[in-house]
Each structure stands twice: as structure tokens, then as C-alpha cells.
Amino acid sequence: MKRAKKRFEANKLGVMSVEETRKKMVEMIGVNKIYADHDGHGSNHVVKDLNLSVYEGEFLTLLGSSGCGKTTTLRMVAGFEEATSGTIHVEGESVGSKEPFERDVNTVFQSYALFPHMTVHDNVAYGLKMKKVKKPEIKKRVEEMLELVQLGGFEKRYPSQLSGGQKQRVAIARALINQPKVLLLDEPLGALDLKLRKQMQIELKRLQKKLNITFIYVTHDQEEALIMSDRIAIMDSGVLQQVGDPTDIYENPKTKFVATFIGETNLFEGSVAEVSGDAIGITVESGGFTVKGANFAAGELITVSVQPEKMLYSATPVPGFALQGLVKDQVYVGSILKTIVVLSDGQEVKIERLAGQELPKNGLVYLFWNDADAKLIRDMDSVVYEAAENVTL
Amino acid sequence: MEKHSRHQFRSNTLPALGTVGPVGIVLLGLVAVPLIYVGVMSFCSLDQYGNYIYQFTFDNYKNLLNPSYIQIYVQSLLIALATTIICIVLGYPFAYLIARTESKRKNLLYMLVIIPFWTNSLIRIYGWRTFLGDTGWLNSLLRGFGIIDAPIEFMYTRGATILGMVYCLFPFMILPLYSAIEKLDKNLLEASADLGAKGRKTLLNITIPLTKGGIFSGSIMVFIPCLGYFFVSDILGGGNSDVIGNLIQRQFQKANNWPLGAAISIILILITLVLVKAYQKAGGDMDSLGV
Ligand SMILES: Nc1ncnc2c1ncn2[C@@H]1O[C@H](COP(=O)(O)OP(=O)(O)OP(=O)(O)O)[C@@H](O)[C@H]1O
Ligand SMILES: [Mg+2]
């Protein structure tokens, strides 16, 4: 809680944080992308005022639901798409006027995009050939690279003779052999089955640490993001919602979107009724409660997020809480018991327990939680979106 | 076992025969029978009154080795080759443009290529005559501007024939090229650029190798008709640039030597078969030939 508070203040005041002393590999400053609609009328604002820095050797994940602009962002960094406004720096140098083949950035495509008429060797060697590296050296480096992705002996195969996971590794080898400063990966594991996916997640992370290359990794799988990333950048409808390390994002979501996207949660939306010391009295439609926190003033809109496994209940009223509900459904998902409690305004609160701890059917329960389990979210969504919508191009 | 296989014959083959059968009979009547007739005739001869003698002879084929004929075969192959090359060189960028444009005019461009398909090619070739002739538009224009004094002889040259061939057969090159380029995965071109290849290198290393099927089938579809389009060389070449088709036409219509004409036809069919076979061997896709 204390750490969160400090961080929040630092952000608010624009104070230098530790990360900013590291070398920036990629920096996006006020980047916007607007696609013209196909029929020429109207337009589609896909990336909105994006400010994001990626540091040397960092594994940064762009996380967001389908269509939120992740691929578009990557494509602008790679040079396949031109930003409508704003600048993109790679290693401190603006790349706006550089063609893709001039950028020290390589991409692993979602569809792999292996050259079907070339062998694995020729696919991996392609980048070196374009740089006119000598033949014996190409051979040596391709061998090393294939060894690294555990595909030694596959040189002569064609892409059509490989499994999905093998193709995937060829695509990574083909990009890595150029020793790019930054590697862009667009949902590289999207097409793999769950088991292979878990395995490749570990392998990719191992490669990244070993080669110390900056990764910008796109996924819409929040679990994958939490496992692999040094930092996660969450996007929604083209707006960057929050950037932080996985625990930070998980523990201190700054917007309602982040809170719901990063895991299942219950949101209680209300306003601050009174503040006394670090106790904040909050009224919501179905009642009210008191939480511990700072930096909130009476009258402010506030959202409190409590995860299902942290929700507590009691048959008798709990001091500091006025949240009453009816137990509605109880279902087992594996060894987890999921319960829905309906509040007086119709809001459905999710509760998760280990098997066996059933609530009284159709009974009346009083909900509460431990102070430490409540995450306070200032109503930032509107702030974030307004800021982005008001961008003048 | 016996019973079983007979049962299978009935259940598998009979319905198939029922549906394909009628079409098969029509095809047999319209394609196979005339073809056999031509084949048989090529081994016959004529008496002095011009009647057929149905007696097996190789004479017609021996006559084909006449040096003046051989000169025409070579000339015809060269014209076909030149036409094919010109069609590739002009057609590739054009097909690329239509296939890859993001513009709304894509369909319009495509139609521009297709529409001539629906017009009689004989009429279009006559059109060129009024354009290229001594008193044609081009010469009048050049004279009007005082660029030349005497008309330039565009007509009745091998160049005019090749021009006409290119003009007639261009769509046959464009269509397979277009569909091959259209099918090309855009990500592959981006991947190539991403790995450091400039436009020209991507074209040579990725685009052309991956669309060579289209180039092959386009070439076959231009080269083969080119050997037979006698009316083009007749109208524009004026007897100076005969193709194999002219030889055949002359035997049937002027010399009235059908057996000899049949023999040349058989040779032309054989050349076609060899070319198609070579195309297939090279990994060509029969579907894209439209046969
Ligand atoms: N070339 C284009 N022209 C017009 N609109 C586009 C183009 N490419 C993408 N878009 C639109 O931009 C938005 C963002 O697309 P983008 O591909 O960046 O999404 P994404 O976050 O990568 O989604 P996913 O997870 O499904 O891959 C979408 O609404 C999409 O329809
Ligand atoms: Mg995408």
C-alpha cells in the first residue's frame, strides 16, 4: 500500500523514477494513428496519443483486447505503417523517415510469414544475405542460431514440412540472427496449443534474457503477459491505460478497465462521502463501506476493486460495511466453488472459495473484506479518455 | 469377393456415368471424333483429281520437312517467343499494379483488361490496320507534324505481326499473373523488407519466385495460340511473317490439300502437348491454365 502510494505521487508530480535512468531503446511520443475508412468517408482513430518508452534489455508486453491497436502500434515501430502524428525514436534517433529495411528492428509475425519457397536454412540466412555477409560466416551463424532455438538438423526442410511450434522457432531465429536492437513479436504463440504455448513462453523468456535483446511483445492473454513480462502496457480502444511491472498492475490497477482486464474482480462504483484521517467513507448505490486510503476528497468519484477470492461474508452485520445481498448461484469449476451474491441494486458480486465452503442457499449475507484487499481506483477512465480525445493533430 | 466388387461397380460407377455420361457423349462427338478424323486423314493422300486415297502413307509428314516449311516453323516459334517475352515484360508490372493497388479503381483496371476479351479479335486487328497503314492515323499524324515526309511502312512487317499478337494475347498473360500476385501473402513482402531487403531485392527473391506459376501459365497461354493465330499475320504481316497456323489454313482453304493440312495440325497439337507436359513437369498448376 505504501509503495503504491509513493508511486502514485511520483507519477502525479512527474518525478524521475528509477527506470528513467536506463537507456531508452524505443520511445513513442504522442503517437496517433488514424486510418481513413475504405469508402473515403469518416476515419478510424486506432492509436490515441500514445506515450511509451521501452528500455534496454526489457521485456515489455502490449496487452489489450482484440482490435485495441496493438498490431498497429508494432507496425508503426517496424515501419510498415506511418504514424499520423507523433514521433518514434529507436535508440534516441527518430525513425519517421526510415524504411523498414533501414531500421534496426526485426519482427516476428503473427502468421510467421516464413518464405515457403526457401529451406529453413535459407529463411534464417535471408537477413544476413541481404547484408552481404560472407557465405562461410552465414553458414556458421545459421547453424548456431538453429542450435539456439533447438532446431539443429532442420536446415534442409521447407516450412511446409514443419510443425507449428517449429515454424514459430524458425521465425524467431530468422529475426534474431540479425542481432536487432529491438525485437517485435506479434502474438507469436497465438496459434499454438496450450501445452506448447507454456513451453515456448519459457523458452522465449530464456532466449530474451540470454541475448539481452529488448522485446516488445504483443498478446491478448493476460496470464501470458503476467508470466513473461518485465513491464506490461495495457491498451484499450487505442488508449494506453497503464504501464507497470506485473505485480504493480495486478495490485494497483489505475483504471476500471485494467482492474477487470487483468483478472476477474468485483467493482464497487460510488463516491466519497467523508474522509477522516486515512479512513474514507464511501457510498454506493446498494449501501456503503469504509476503506483505508489517502489522496481522496469528499465528493470525488471512486471505484473499489475486490477480487472474488478476497470477498468475505458473514451472517451478521459487519462494522464499517453496509453491503447486503442474496446468494443466487453456486457452481463448481474444478475444485473451486463460484458463488454469485446479488446486491439490492442488482449488481452481481462474485465470490470464490475452495470446494466445501458453501454459502446458505438463497440466504441473506453481509459482504466485507480486509482493508488490504481493497484496491482504490480514482475514476481515471474518463480522465484518460478525455485527454486522448482532445488531441489536436 | 466377386460379388462385392460388382456391387461396388454398380454403386460407384453407375451414378457417375449417369451424370457425366451425356456430357461425355457430346464431348466425344465434338472433340474426339474430329480429332481422330484429322489423325486418319494425315496418313492419306490425294489423287490427281483431288480425291482422297485412303491408303496409309507417311508422305505428308515427309513433305513437312521441306526447307521452306522449316523456315516457317522457326519463324513461328520466334514470333511466339518474342510475343511471350513482351507480354511478360509489359504484363507483370501491369498485373502487379492491379493486384496490389489499394485504390477503389482496382475493379475498373481489371475490367479494362477483360473487356477486350469480349470483342471479336478479328475486328480489333483490322483496327490496327487503319492505325498503322500508309495512309493510317499514325502516318498522317507524323506527316501532319512534319516529322516525316514519306509514310513509314509499319504494316506488313514481322514487327506488326508481333504487335498484333501481343495485343490479342495480352489478357491471357495478365489473368494468371494477376491471380498469382493477388494470392501472394503481403506479410511475406513485409518480412522481406523487415529483414533488410530493398524493393528490388524483394521483387527478385520473393515476389517473382512465388509468382512463377503465374508466369508459366501465362506464357503457355500466350505461346501456344501464337503459333496458330493465322489471321493476325495475314492481316498485319501480309505474308511476310507466316506462322504455323497460316500453313494449315492455306492447305485447307487454298491448296485444298486436306491430308497435308491435317499432318501440320497434328504436329501443332503435338507441340502443344509437349509444352503443356513441360509446364506440368515444372510444377505448373493445370487449373490456372483454365483447362
Ligand atoms: N489497414 C487498415 N485500415 C483500416 N483500419 C485498420 C487497418 N488495420 C487495422 N485497422 C483497424 O484498427 C483497429 C486496430 O487494429 P489492430 O490490428 O491494431 O488490433 P489488435 O490490437 O492487433 O487486435 P488483435 O488482438 O485482434 O490482433 C481495428 O479496429 C482494425 O479494424
Ligand atoms: Mg493484432
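Chain identifiers are assigned alphabetically (A, B, ...) following the order of the sequence lines, protein sequences preceding nucleic acid strands; residue numbering begins at 1 within each chain.
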Interchain contact, L114(A) with chain B, by part (heavy-atom threshold 4.5 Å): backbone
Where does K186(B) contact chain A at under 4.5 Å (heavy atoms): side chain, backbone, both or neither? side chain
Within a radius of less than 6.0 Å around NZ of K277(B), do more than 12 heavy atoms belonging to other residues, nucleotides or ligands occur? no
Within a radius of less than 6.0 Å around NZ of K131(A), do more than 12 heavy atoms belonging to other residues, nucleotides or ligands occur? yes
Whether over 12 other heavy atoms sit under 6.0 Å from R105(B) CZ: no
For V105(A), is it the side chain, the backbone, both or neither that has a heavy atom under 4.5 Å from a heavy atom of chain B? backbone
Filtered by a 4.5 Å non-hydrogen cutoff, the part of residues 116-130 of chain A contacting chain B is P116(A), H117(A), M118(A), Y126(A), G127(A), M130(A)
Should we count CD of Q161(A) as having more than 12 external heavy atoms under 6.0 Å? yes
Note: E190(B)-R75(A) ion pair, threshold 4.0 Å (strictly below): yes
For S111(A), which atoms come within 4.5 Å of any heavy atom of chain B: side chain, backbone, both, or neither? side chain
D194(B) side chain to N106(A) main-chain N or O, any donor-acceptor pair under 3.5 Å? no
When rounded to the nearest 0.5 angstrom, what distance separates OG in S192(B) from CZ in F115(A)? 5.0 Å
Should we count NZ of K205(A) as having more than 12 external heavy atoms under 6.0 Å? yes
